[in-house]
Trainee: 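Below: one structure in structure tokens.
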Amino acid sequence: MKRVDLITILERNGWWLKRRGANHDIYTNGVAVEPIPRHREINERLANAIIKRQGLK
């Protein structure tokens with residue numbers, strides 16, 4: 001999955017960029033925090049795990 005597609009899913013569900021780390025961007029919805037790696041392509045298994053863990057659609 002492309003990184004930009006995962007970020008779009010996060011932002012559509014009310015998440016925003018909290019800060020930029022060294023190797024990850026940190027997104028939050030005010031309650032939970034999720035690190036997103038800075039690779040152009042994110043492994044499908046990782047992307048699906050993030051989506052499932054946070055209950056995104």
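Remember, predicted model here, so these are calculated numbers, not experimental data. We number each residue from 1, following the sequence as shown.
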Trainee: Of all residues at least two apart in sequence or in a different chain, which pass the salt bridge (charged side-chain N to carboxylate O under 4.0 Å, His left out) check with Arg12?
Mentor: none

Trainee: Taking only residues two or more places apart in sequence or in another chain, which ones pass side-chain contact (heavy atoms from CB on, under 4.5 Å) with Gln54?
Mentor: Trp15, Ala32, Glu34, Leu56

Trainee: Are Ile26 and Leu17 co-members of a hydrophobic cluster defined by side-chain heavy atoms under 4.5 Å apart?
Mentor: no

Trainee: Output side-chain donor-acceptor pairs under 3.5 Å for residues 36-50, partner residues at least two apart or in another chain, one line each.
Mentor:
from  : atom 1 : to    : atom 2 : distance (Å)
Arg38 : NE     : Asp25 : OD1    : 2.8
Arg38 : NH1    : Gly21 : O      : 3.3
Arg38 : NH1    : Ala22 : O      : 3.3
Arg38 : NH2    : Gly21 : O      : 2.9
Arg38 : NH2    : Asp25 : OD1    : 2.9
Glu41 : OE2    : Lys2  : NZ     : 3.1
Asn43 : OD1    : Arg45 : N      : 2.9
Glu44 : OE2    : Met1  : N      : 2.7
Asn48 : ND2    : Glu44 : O      : 3.2

Trainee: I need the Arg3 CZ to Thr8 OG1 distance, nearest 0.5 Å.
Mentor: 10.5 Å

Trainee: Side-chain contact test, heavy atoms from C-beta onward, threshold under 4.5 Å: evaluate it for Ile51 versus Ile9 and give yes or no.
Mentor: yes

Trainee: Closest heavy-atom contact between Thr28 and Val31?
Mentor: OG1-N, 4.2 Å

Trainee: Mind running side-chain contact (heavy atoms from CB on, under 4.5 Å) on Trp16 and Leu10 for me, showing each step along the way?
Mentor: CA-CA 8 Å; Trp16 65 89; Leu10 285 168; over 6 Å; no

